[in-house]
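Contents: one structure, followed by commentary.
Each chain gets a letter, A, B and so on, in the order the sequences are listed, and its residues count up from 1.
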Protein chains: 2
Amino acid sequence: MDPSRHADALRAAQMYYLQDLTMDAIARELRTSRSTVSRLLSSARDSGLVQVQIRNPLDTGPELEGLIRRRYGVDAHVVPVVETLNEAETLDRVAMQAARTIGPLVDSNAIIGVAWGSTLSAVSRHLTRKITHDSVVVQLNGAGNMHTTGITYASDIMRRFGSAYGARVEQFPVPAFFDHAATKTAMWNERSVQRILELQAKMSIAIFGVGSVDADYPSHVYAGGYLDEGDLSTLATSDVVGDVATVFFRADGSSDGIVLNERSTGPALAELRQVRRRICVVSGVSKINGLKGALAARLATDLILDEATARRLVGLEGLAVASR
Amino acid sequence: MDPSRHADALRAAQMYYLQDLTMDAIARELRTSRSTVSRLLSSARDSGLVQVQIRNPLDTGPELEGLIRRRYGVDAHVVPVVETLNEAETLDRVAMQAARTIGPLVDSNAIIGVAWGSTLSAVSRHLTRKITHDSVVVQLNGAGNMHTTGITYASDIMRRFGSAYGARVEQFPVPAFFDHAATKTAMWNERSVQRILELQAKMSIAIFGVGSVDADYPSHVYAGGYLDEGDLSTLATSDVVGDVATVFFRADGSSDGIVLNERSTGPALAELRQVRRRICVVSGVSKINGLKGALAARLATDLILDEATARRLVGLEGLAVASR
DNA sequence: AAGCGATATGCACAAACGTGCAGAACGGAG
DNA sequence: CTCCGTTCTGCACGTTTGTGCATATCGCTT
């Protein structure tokens, strides 16, 4: 792109956001039309030149976020939504806010682990650009299943992350679950796979949703042809409540003895917990049980979720906004 | 203020800035009118809840800021202005942008040293609020002179800084210059004064303008009744080009042997250089000589200045915006 | 040089927004 | 309970901003 356009965008952004001039005044100074300035500004915004951040003072009394922080030890970001919204609208709004909340956390030299699923797909569609250097986006778990290689679906997500942050993208071209644990063992010794595993071990940020076994609309994992009848009934008898990156856990956060995990390509929970910043995005109350399990397993350091689910999490279902 | 109003402002800000809803839509969700939302948002902005930041990628070619950085070793923030603006308008716009640039640099537990003068007065008028804890604003140099105690003028500046950042304000109730160096020595042993000096020694940020002896409109210091005829001629014979916080220096940045400094209440240049972050705000090309001296003395780590002065600084007076 | 596709610009209109003003709601003081 | 001063609210209006469309500009090919 024309570099002088970029320079103009910067000038315009400074004048608009830092000097409170109107677009009209800026247009006169840049000797162009007001509409061009409008477009310059929007390009400045979505090229990440302008960064809007909302810092809510942590001392805002007994707010939802504070409650969650104290109860579960995670930094919560509650997305305000009204109850009347349907699932899709809620997801979209949670995803948009999640995308913008994640932005400031991504730095140069970051290694960003990304899972897949409907939540992450939505998030990836709303990412705001931010220029970083030498960042890498690495896929957390395979996406293939019996019907497709899952390439297009998961890789779209990865690609969007990569281009938003100017990062190299490292896909993980394996199925979500192997049919036989032995295959996984074999593959895990392949150098091509080890390269990915090593990257994962060095992640500085991980971003994922949660699956919940009993969700109203079951997650991709449970309904998308990844598991057969036998697998599903095994899950039921092991008291599994949900998963993160196709690794399953129980309500108490434990995952030992869940045989399916031996065939899963996602990072072991203990491994995930090594990551400094672990961002979990959740939209929809029906994921509550999976979410509680993930929190019990201490899988997240940051949690972005809609208000209704947040209330449910701390047992305030009925209450309206605090102190009104 | 009503705490629920604050909560609404936060919700509104999230929906507006993070979810791209219109004020109309937000009004419906909050069950209020669109105008109220508009007002909520502006209160969110100027209570510092919403933070707009402009990060210009440092790799934007041979830009003015890059040139200045390489030549003088300071982080430059060039404020775009057209040449046709008069002094007052330029100052206002530089001040506004300076105020908003400073904001993100102020943290909790900061000790902020602030000078006075027309530049800082303008800056103080445009500060955006930001809630911090246990911050202190400390006056860098006395403001009294033969005619007034200077209290109202300098203390207005200090007060504005204090209230913008929720910081304690520590004034320095001494004249700008003592008549006799001996009085300064005596006062500097007073515990009330030492308390201030100790605070200054612990400053984490210092904010100041520059005075330039030959400016078109001489700074307060040179015209405001602080110095008598004898002082002014002494300055002339010592090759002084300007001052920072009423401490004088020559074009090469040296200040040794300038007798007036022995009577000045500002921090010695060597002392100022100890401060981690030293922000210098300059508006108007006629301050160029003072500014060059200050840069030679390495008094600043960050420099906020108007475009015309920036061009002058790197010797590109005639040039228009790079690459157009 | 002409032709062509992609991109950028300005116009004009519609949508979104800020703000003065009048009335409502609130919170003491008497 | 009433009064009065203060703060908040919604309306209405004027201003500011986003965007579809027709036109212009640029870079590249033929």
Side-chain angles (χ1 to χ4, degrees), chain A residues 1-52 54 80 82 89 92-93 96-97 100 125-126 128-129 163 320-324, chain B residues 1-50 52 54 60 80 82 89 92-93 96 100 126 128-129 163 320-324:
Chain A
M1 165 157 319
D2 186 352
S4 88
R5 192 180 160 78
H6 194 77
D8 277 354
L10 178 62
R11 287 171 67 88
Q14 292 183 105
M15 295 196 264
Y16 190 79
Y17 289 105
L18 303 182
Q19 296 180 18
D20 281 351
L21 301 187
T22 70
M23 295 188 182
D24 221 353
I26 297 171
R28 281 194 295 275
E29 297 206 3
L30 294 186
R31 288 146 203 273
T32 179
S33 73
R34 195 187 50 70
S35 15
T36 300
V37 174
S38 170
R39 283 186 264 255
L40 280 176
L41 287 174
S42 54
S43 91
R45 276 191 299 269
D46 50 44
S47 73
L49 223 126
V50 175
Q51 208 88 325
V52 178
I54 301 208
V82 283
E89 289 170 324
D92 207 55
R93 288 173 55 171
M96 187 177 300
Q97 191 162 335
R100 303 197 178 176
R125 255 177 266 276
H126 292 295
T128 51
R129 297 181 78 77
S163 71
V321 178
S323 73
R324 291 196 73 195
Chain B
M1 165 158 318
D2 186 353
S4 88
R5 191 179 163 80
H6 195 78
D8 277 352
L10 177 62
R11 285 170 70 89
Q14 291 183 102
M15 296 195 264
Y16 190 78
Y17 289 104
L18 268 20
Q19 298 179 16
D20 282 351
L21 301 187
T22 69
M23 295 188 181
D24 224 352
I26 298 170
R28 281 193 295 276
E29 297 208 3
L30 295 185
R31 289 151 202 274
T32 178
S33 73
R34 195 184 51 69
S35 14
T36 299
V37 173
S38 170
R39 283 186 264 257
L40 280 176
L41 287 173
S42 53
S43 91
R45 276 191 300 270
D46 50 45
S47 72
L49 225 129
V50 175
V52 177
I54 300 206
T60 323
V82 283
E89 289 170 324
D92 207 54
R93 287 172 55 170
M96 189 177 302
R100 301 193 181 180
H126 292 294
T128 50
R129 299 180 77 78
S163 71
V321 179
S323 72
R324 292 196 73 194

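- In the set D:dG18, C:dG10, D:dG10, the nucleotide with an atom closest to the side chain of A:T36 is C:dG10.
- Within the nucleic acid shown, B:T32 comes within 4.0 Å of sugar-phosphate atoms alone, with no base atom in reach, counting heavy atoms only.
- Atoms CG (A:D24) and C1' (C:dC11) sit 14 Å apart, rounded to a whole Å.
- Distances from the side chain of B:R34 to the nucleotides D:dT17, C:dC21, D:dC13 place D:dC13 closest.
- For D:dT9, neither phosphate oxygen OP1 nor OP2 lies less than 4.0 angstrom from any side-chain nitrogen or oxygen of B:S33.
- In the set D:dT17, C:dG20, D:dG20, D:dT17 carries the atom at the smallest distance from any side-chain atom of A:Y16.
- As a whole-Å value, the separation of B:L40 CG from C:dA16 P is 19 Å.
- Panel note: side chain B:R100, backbone A:Y17; a donor-acceptor pair is recorded below 3.5 Å.
- Taking 4.5 Å as the limit, some side-chain heavy atom of B:L30 sits within range of a side-chain heavy atom of B:L40.
- In this structure, CG of B:L41 is placed 15 Å from P of C:dA16, rounded to the nearest angstrom.
- Checked against C:dA12, D:dG18, D:dC11, the side chain of A:M23 finds its nearest nucleotide in D:dG18.
- What separates OH of B:Y17 from C1' of C:dC17 is a distance of 11 Å, to the nearest Å.
- The nucleotide whose nearest atom lies closest to any side-chain atom of A:T22 is, among C:dG10, D:dT16, D:dT19, D:dT16.
- Rounded to whole Å, atom P of D:dT17 lies 17 Å from atom CG of B:D20.
- Between A:T128 atom OG1 and A:R45 atom CZ the span is 12.0 Å, to the nearest 0.5 Å.
- Across every non-hydrogen atom of B:R93 and B:P80, the tightest pair is NH2-O, 3.3 Å.
- One atom, CG of B:L21, and another, C1' of C:dA16, lie 13 Å apart when rounded to the nearest Å.
- Between the CZ atom of B:R39 and the P atom of C:dG18 there is a distance of 11 Å, given to the nearest Å.
- A:D24 and A:R34 make their closest contact through N-CG, 3.8 Å (heavy atoms, listed as atom of the first residue, atom of the second, distance).
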